[in-house]
Amino acid sequence: MVDFKQWNGFEGNKWRQEVNVRDFIQKNYTPYDGDESFLAGPTEATDKLWGRLQELQKEARAKGGVLDCETEIVTGLTAYGPGYIDESMKELEKVVGLQTDKPLKRAFMPFGGIKMAEEACTNYGYTPNPELHKIFTEYHKTHNQGVFDAYTPEIRAARKSHIITGLPDTYGRGRIVGDYRRVALYGIDFLIKEKEADKANCGDGTMTDEVIRQREELSDQIRALQGMKKMAEIYGFDISQPAQNAKEAVQWLYFGYLAAIKTQNGAAMSVGRVSTFLDIYIQRDIAAGILTESEAQELIDHMVMKFRMVKFARIPSYNELFSGDPVWATLEVGGIGVDGRHMVTKTDFRFLHTLENMGPSPEPNLTVLYSAALPETFKKYASYISIETSSIQYENDDVMKPVWGDDYSICCCVSATQTGKEMQFFGARANLAKCLLYAINGGVDEKTFAQVGPQYQPITSEYLDYDEVMKKYDVMMDWLAGLYVNTLNLIQYMHDKYYYEAAEMALIDTDVRRTFATGIAGFSHVIDSLSAIKYAKVKTIRNEQGIVIDYEIEGDFPKYGNDDDRADQIGIDLLKSFLSKIKKRHTYRDSEPTTSILTITSNVVYGKATGSLPDGRKAGEPFAPGANPSYGAEQNGLLSSLNSVAKIPYEWALDGISNTQTISPDALGNNTEERINNLVRALDGYFNQGAHHVNVNVFGTEKLIDAMEHPEKEEYANFTIRVSGYAVKFIDLTREQQMDVIKRTCHKSM
């Protein structure tokens, strides 16, 4: 058994004998049942640094969103010397480390694709060194090149038509959460020794494909760990040994995360579940008299400040899919342990308090792992922060814990993975609304009139028959599921080959669980379309070639979002059917297939690529986001809408069910206390039904319109809204995205 002097005062033995952060947490954390009265305000250092960072953010916005871009140096763990928010104030930074050499400067990351990296620069007026183009075309193959070398004509056509879309074939896939806590608890040398032992014990000496690949990947992981040590040395720190106090624990953990964001530009670069872990160190130092509450809050504030600074150079098409420049640096608080003890600590409060000390912010994507059994004081404080900032989201710990245990992280916006035990193959969306139109038109795209899907017999009748539509839709969905999984298998293979996440995987168990994430777009529109066909009369409108391009609805029909089982059951059946089709396919590296109802802000792009639907939505109009009911469909208030979404079984969508709701402050109550209590009751009732997720926005449509028309107002500089599993600064959205948000239902009543 290994023992370090840095572990003095910590309880437990299992975590000392193996890398097991969860066991360390369970043996050492202190649940907190009190309220927020202990919290400290921002220190002078925090105010100065945050003030300077806000100035830099304004400069970036004035330059079109990007302050600076690297054009000469390829990113890496030690590609740069030390960087600070402001060189003249660097002694104020309690947590140090930047992605590049300057704050908000975006790195050059060509391993996902050289053309993408170049376009990300030129889009903002920067010109990369031509030598980099030569290197990454003539001497080094990229992930993107590998993918397009292997794509079939069928995949290319489906990608172009957006029936499968948002694919991670032009950027890092993301959604892999390294257990960054390991750097603090064990130190790099111990972690290297463990990985070397795994490599020595890899296979029985027979060089199978699997053994060869694992040995190579472990070698890459070991080099990444060595690189982390060198990266920390640039800032004057030795992370070879465990952290000896709270300040080092925060810094060591951040260095682990910094290694990830220096080497990968994934769609989601989550921080993970760190609050309870860090609280153990903070409480030990406070008890020993070597740390004050103000100093503890300052550590958390400065760490969060760094998470707010994470930026990647993105191409325009990526920004259209994921509007508002998100990185999904998701960080969780709350939750309840398997043993029944809640896991709320003082540091959970401290993380939420950063939204008061430094104001609202989209990043990190703060997520409350919710249960009605959490302490009332914590639930009320979280609700208060929601009402004041619209900057946090809630996920149901009661339905997630049986699947993922009590040490899971949110790896994107709403998707869970076991921390340090699991990785996820991220895979964008299948457009099930467009698939329905393909079923009606025999595989012909309703926008381009090209034969994209299989040339099945189209529907020729004037009025749609429910049974005929369902029979053809089932066959077309089967085709789409097979093509979708094939495409993702190919992408994941090439990503492992050309853009492997060594720094993150070095902080995950070698014997890793792999999940295979898929997703659904257009969910509510398919439900309402099928409901219209079943309960009303839907007439087809055809062009000269006989292709259905629009629909007329005669009569009324039940709509998803009104707590009407007739419509809601269609959605449940749709999810079950699609997942069953995904599950029967072979998935890369024998990963476990899951799906999600989660579109991010790409609901606008998907809608633009999709023709008119039988539910009355016209061609080009945005889809409703995630699992949200269609715009205008909700007629019975917030609670009925929540009830409809709550019926969707989480077990059938383990990658997440995103639900974004906006409610007028007056609808919640006449004063702050009333609003807090009503929001807590609504959350308790919603999650007690087994619902998975909800974003909470508390503001009126009038404020959104004013912010869109007057973005220069100081009050809107950090005006943050939840959009679909993540948050954005509203003024950073495109006008088109802003209009989409404004059109969403703002509930005037519960």
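Because only heavy atoms are used, hydrogens play no part in the values below, and waters and symmetry mates are left out as well, while side chains stay in.
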Inset, instruction - Please step through side-chain hydrogen bond (donor to acceptor under 3.5 Å, both in side chains) for the pair Ser409 and Thr417, ending with a clear verdict. - result: CA-CA 5 Å; Ser409 293; Thr417 55; 5.7 Å; no

Legend entry - From CG (Asp740) to CG (Leu733), nearest 0.5 Å: 9.0 Å

Inset, instruction - Report the residue from Leu464, Asp474, Val538 that forms a side-chain contact (heavy atoms from CB on, under 4.5 Å) with Val469. - result: Leu464

Legend entry - Among Asn628, Asn659, Ile597, the one residue meeting side-chain contact (heavy atoms from CB on, under 4.5 Å) with Val645: Asn659

Inset, instruction - Keeping to residues at least two apart or across chains, list the ring-ring contact (aromatic ring centres under 6.0 Å, His included) pairs with something in residues 512-553. - result: Phe523-Tyr560, His525-Phe623

Legend entry - Heavy-atom neighbours of Lys160 NZ exceed 12 at 6.0 Å: no

Legend entry - With sequence neighbours excluded, residues passing ring-ring contact (aromatic ring centres under 6.0 Å, His included) with His495: His143, Tyr499

Inset, instruction - Please list, chain by chain and in numerical order, all residues satisfying side chain to side chain donor-acceptor pair (under 3.5 Å) with Ser644, sequence neighbours excluded. - result: Asp568

Inset, instruction - Please identify each residue that fulfils salt bridge (Lys or Arg N to Asp or Glu O under 4.0 Å) with Asp528, with sequence neighbours left out. - result: none

Legend entry - His162 side-chain N/O to Ala609 backbone N/O, donor-acceptor pair under 3.5 Å: no

Legend entry - Ionic contact status for Lys539 with Glu554, cut-off 4.0 Å: no

Legend entry - Atom pair CD1 (Ile549) and CD (Glu544), whose distance is rounded to the nearest 0.5 Å: 9.5 Å

Legend entry - Trace of the side-chain hydrogen bond (donor to acceptor under 3.5 Å, both in side chains) decision for Ser529 with Tyr473: CA-CA 12 Å; Ser529 292; Tyr473 189 36; over 6 Å; no

Legend entry - Whether Tyr318 and Tyr171 hold their rings parallel, tilted or perpendicular, with breakpoints at 30° and 60°: perpendicular

Inset, instruction - Verify whether one side chain among Asp573 and Gln569 offers a donor that lies under 3.5 Å from an acceptor in the other. - result: yes

Legend entry - With sequence neighbours excluded, residues passing salt bridge (Lys or Arg N to Asp or Glu O under 4.0 Å) with Asp445: Lys434

Please tabulate, for side-chain N and O atoms in residues 135-142, each donor-acceptor pair with protein atoms closer than 3.5 Å (sequence neighbours left out).
unit_1, atom_1, unit_2, atom_2, d
Thr137, OG1, His133, O, 2.6
Thr137, OG1, Lys134, O, 3.3
Lys141, NZ, Asp149, OD2, 2.8
Thr142, OG1, Gln145, N, 3.3

Legend entry - Ion pair check, Arg173 and Asp496, cut-off under 4.0 Å: yes

Inset, instruction - Answer yes if the side chains of Arg542 and Asn441 hold a donor-acceptor pair under 3.5 Å, and no otherwise. - result: no

Inset, instruction - Check step by step if side-chain hydrogen bond (donor to acceptor under 3.5 Å, both in side chains) holds for Asn603 and Ser724. - result: CA-CA 9 Å; Asn603 61 300; Ser724 180; over 6 Å; no

Inset, instruction - Among Arg514, Gln424, Arg513, find the residue that satisfies the side chain to side chain donor-acceptor pair (under 3.5 Å) test when tested with Glu592. - result: Arg513

Legend entry - Greater than 12 external heavy atoms within 6.0 Å of Gln545's CD: yes

Legend entry - Pair Lys608 + Glu736, salt bridge at N-O below 4.0 Å: yes

Legend entry - Pair Lys311 + Asp325, salt bridge at N-O below 4.0 Å: yes

Inset, instruction - Might you confirm whether atom NZ of Lys471 has over 12 heavy atoms from other residues, nucleotides or ligands at distances under 6.0 Å? - result: no

Inset, instruction - Look up atom NZ in Lys576 and atom NZ in Lys581, then write down how far apart they are to the nearest 0.5 Å. - result: 12.5 Å

